[in-house]
Amino acid sequence: MSDEPRFTFGRGQKLRGRGAFKPVIDARACSDGGAIAVHGCPNNGSANRIGISIGRRAGTAARRNRIKRMIREAYRLSQHELPHTAPGPYDLVVIVRAHEPLGLDEYRTRLADAMRHIHATWQKRTNRRNATEAKPRTAPTDLESPPGV
RNA sequence: GCACCGGAACGGUCGCUUGGAAUCCACCCGGGUUCCAAGAGGAAAGUCCGAGCACGACAGGACAAGGUGGUGGGUAACGCCCACCGGCCCGCUGCUGGGUCAGGGACAGUGCCACAGAAAAUAGACCGCCUUGCCGGGGCUUGCCUCGGCAGGGUAAGGGUGAAACGGUGCGGUAAGAGCGCACCGCUCGAUCGGCGACGACCGAGGCACGGCAAACCCCACCUCGUGCAAACGCAAACAGUUCUCGCUUGAGACCUUCGGGCUUCAAGCGCCUGCGGUCCGCAGGUUUGGGAACGGGUAGCGCGCUUGAGCCGUCGGGCAACCGACGGCCUAGAGAAAUGGCCGUUGCCCCGAUGCUCGCGCAGACGCGCGGGUGUUGGGGAACAGAACUCGGCUUAGCGGUGCUCGC
RNA sequence: UGGCCCGUGGUGUAAAGGUAGCACAAGUGGUUUUGGUCCAUUUAGUCUUGGUUCGAAUCCAAGCGGGCCAG
């Protein structure tokens with residue numbers, strides 16, 4: 001941590017396995033950005049993890065590989081600017097729609113916008129849950145006044 | 001149109017996967033860091049054929065089902081490749097050259113051939129042509145000619161239909177005709193010669209019989225056991241299954257009894273198990289609606305199969321070629337929500353524009369202008385189709401650039 | 001990855017190798033004060049490319065597109 005931040009992208013930062021994608025999508029925190037849509041969900045680990053889901057409608061295998069590598073490169077280069085604190089590091093699932101492949105900078109801005117949106121969503125959710133636990137089943141009315149803000 | 005070749009290269013930097021080495025953390029499993037090496041294709045694609053490999057089945061044979069189909073060769077094998085033969089098309093004509101063909105059998109049998117047409121398959125006869133008899137009319141040279149009708153016979157030349165009409169053209173022949181006869185061509189059969197063979201050349205005979213469709217059923221010859229690396233094999237959570245086990249002592253009560261005892265409930269103690277706790281002590285709970293152990297099968301998961309192979313490169317030799325042999329050298333991707341990427345620079349390739357030099361042709365004949373080719377400088381642009389998933393040999397499809405030959409404009 | 005099936009107007013569906021139909025939809029005209037109903041009429045198709053055949057939606061081959069199953 002004392003060193004300069006490095007831009008690695010190892011196996012621990014990838015979503016792996018058949019069962020890893022479904023809970024993230026079922027968490028229903030999604031930011032739709034046209035060409036790509038990002039689902040997010042806090043995990044209990046120490047760092048953000050990302051998984052890319054790209055269907056056959058996006059093109060042939062070579063084209064799908066190309067888009068996937070661009071998104072991965074965009075995530076790799078901007079991983080330290082993305083939020084990974086507060087409600088926790090996130091598991092991300094990027095859903096790729098059918099589109100013409102974009103440039104690297106375009107993917108970086110879209111990814112950052114989506115991450116900000118998801119981060120805000122989860123901050124709101126955790127604040128609401130803390131409020132309801134603080135005053136159990138007495139006041140469902142004061143949803144818009146969470147304490148501590 | 002055919003054949004062949006290429007599918008960018010180098011460097012820097014940030015990353016990914018695999019392998020190796022060093023080092024650090026960790027009881028083990030494993031993980032981190034640094035360095036080094038390697039890292040998509042001609043189609044990796046479609047999954048259309050053929051194999052290897054794995055498992056299951058299988059004495060042998062036959063049937064069924066599917067596939068292939070000129071001949072000879074190549075190959076591990078093929079529906080692939082090479083050479084040749086034959087048919088068709090194109091060009092040329094002094095030679096033959098190029099393209100293309102699922103190219104066995106229609107005397108084994110069954111079936112189909114719409115419409116049109118007289119007739120569509122052991123031929124048959126609508127209009128015709130010719131002829132005989134009878135009846136009627138006309139003509140005149142009075143026994144012939146001609147016209148019409150009815151009945152009978154001979155023909156298949158001509159007509160029109162059709163994709164296709166039972167050899168074609170010509171001459172002879174005939175009442176009219178007809179392979180009825182002859183010549184050439186086609187067809188069938190036979191002999192000889194050449195060729196491993198498909199077949200070809202040539203000679204003779206037959207007077208023509210045998211329409212087309214088998215990518216219609218079918219017959220003949222040959223080939224094929226089925227399933228597929230998510231195969232197969234190893235380790236193995238969870239859930240379910242099977243088996244075993246859950247004790248000892250004392251006291252009290254109920255029941256049975258062959259009076260030896262058996263069975264069960266409650267309470268206490270010892271033992272055992274679980275949790276708290278670093279350990280002992282201790283505390284709490286459990287000790288048959290539950291717990292523990294073992295077993296085989298095996299899911300998730302992990303490993304293996306997994307990359308040395310009918311392999312690649314070079315030289316020499318054999319063969320018309322496909323291909324084969326000998327020798328030498330090389331090791332060259334192994335992922336698993338799935339690794340080969342991003343950025344920068346230089347060079348090479350292609351296109352466009354500007355410009356310099358040079359060559360050829362045309363106009364002009366002094367300069368010059370236009371077109372085409374080669375080469376240099378500079379600016380801008382582009383680079384397709386497409387990503388290994390067990391591995392090979394082919395085919396097909398997608399698609400960029402170049403070279404050579406040929407054809408057309 | 002492996003296996004199986006199917007492609008006919010815009011939609012749904014027929015058609016033994018011999019003229020591609022039917023219904024709904026769409027367009028135009030008529031009927032009606034207008035709309036609907038009804039009547040008449042028009043447009044539009046065999047997934048693509050080759051081959052067999054006199055002739056192909058049908059038979060054969062290759063490709064393209066879509067769907068289903070195993071895991």
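These figures come from a predicted structure and were not determined experimentally. Each chain gets a letter, A, B and so on, in the order the sequences are listed, and its residues count up from 1.
The nucleotide whose nearest atom lies closest to any side-chain atom of M70(A) is, among G342(B), A338(B), U340(B), G342(B). Of the candidates G387(B), A337(B), C14(B), C14(B) carries the atom nearest the F7(A) side chain, counting heavy atoms from C-beta on. Listed nucleotides G341(B), G387(B), C14(B) differ in distance to R66(A); the shortest reach to its side chain belongs to G341(B). Considering only the side chain of E73(A), G341(B) comes nearest among G387(B), U340(B), G341(B). For T8(A), counting side-chain heavy atoms from C-beta on, the closest listed nucleotide (A339(B), G387(B), G15(B)) is G15(B). Across G15(B), A386(B), G342(B), the shortest atom-to-atom separation from the side chain of A62(A) is found for A386(B).
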Exercise for review: For side-chain contact (heavy atoms from CB on, under 4.5 Å), just list the numbers for M70(A) and R66(A), CA-CA rounded to whole Å, side-chain angles, deciding distance to a tenth of an Å, and then say yes or no.
Suggested key: CA-CA 6 Å; M70(A) 291 298 278; R66(A) 169 95 188 145; 4.1 Å; yes
Check your understanding: Stepwise, does the side-chain contact (heavy atoms from CB on, under 4.5 Å) test hold for F9(A) with E73(A)?
Key -> CA-CA 9 Å; F9(A) 185 67; E73(A) 185 72 11; over 6 Å; no
Exercise for review: Kindly indicate, with the supporting measurements, whether the criterion side-chain contact (heavy atoms from CB on, under 4.5 Å) is fulfilled by V94(A) and Y75(A).
Suggested key: CA-CA 11 Å; V94(A) 181; Y75(A) 174 78; over 6 Å; no
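With both pairing distances under 3.5 Å, G328(B) is matched to C313(B) as a Watson-Crick or G-U wobble pair. For A70(C), the paired base is U1(C) (Watson-Crick or G-U wobble, both distances below 3.5 Å). The partner of C95(B) cannot be assigned: no Watson-Crick or G-U wobble pair with both contacts below 3.5 Å exists in any strand. In this structure, U33(B) forms a base pair with A22(B), meeting either the Watson-Crick or the G-U wobble geometry with both donor-acceptor distances under 3.5 Å. If you check A205(B) for Watson-Crick or wobble pairing at under 3.5 angstrom, you find it paired to U188(B). Remark: C266(B) base-pairs with G251(B). Criterion, Watson-Crick or G-U wobble with two distances under 3.5 Å. Of the nucleotides present, U287(B) is the one that pairs with G271(B) by Watson-Crick or G-U wobble criteria, both distances under 3.5 Å. The nucleotide C150(B) finds its pairing partner in G133(B), both defining distances of the Watson-Crick or G-U wobble pair being shorter than 3.5 Å.
One C1' atom belongs to C53(B), the other to A59(B), and the distance between them is 27 Å to the nearest Å.
Base orientation of G260(B): syn, since the glycosidic angle falls within 90° of 0. G42(B) adopts a syn glycosidic conformation, its chi angle falling within 90° of 0. Taking the syn range as angles within 90° of 0, the glycosidic angle of A238(B) is outside it, so the base is anti. Glycosidic torsion of U23(B) falls outside 90° of 0, placing the base in anti. Shown here, U307(B) is classed syn by the O4'-C1'-N9-C4 or O4'-C1'-N1-C2 angle, which is within 90° of 0.
Where G51(A) and R63(A) meet RNA chain B, the nucleotide closest to each residue was compared, and G51(A) sits on the side nearer the 5' end. Judged by closest nucleotide on RNA chain B, R76(A) is the one of R76(A) and L104(A) placed further toward the 5' end.
Residues D113(A) and R116(A) are paired through a salt bridge, judged by an N-O separation under 4.0 Å between the basic side chain and the carboxylate.
Side-chain atoms of K68(A) and V96(A), non-hydrogen and from C-beta on, never get closer than 4.5 Å to each other. Side-chain atoms of Y90(A) and V24(A), non-hydrogen and from C-beta on, never get closer than 4.5 Å to each other.
Within the 4.0 Å cut-off from OP1 or OP2 of A338(B), not a single side-chain nitrogen or oxygen of R64(A) is found. Close to C385(B), at under 4.0 Å from its OP1 or OP2, lies no side-chain N or O of T60(A).
A donor-acceptor contact under 3.5 Å is not formed by the side chain of R69(A) with the base of G15(B).
Computed from coordinates, the Y107(A) OH to C343(B) P distance equals 13 Å when rounded to whole Å.
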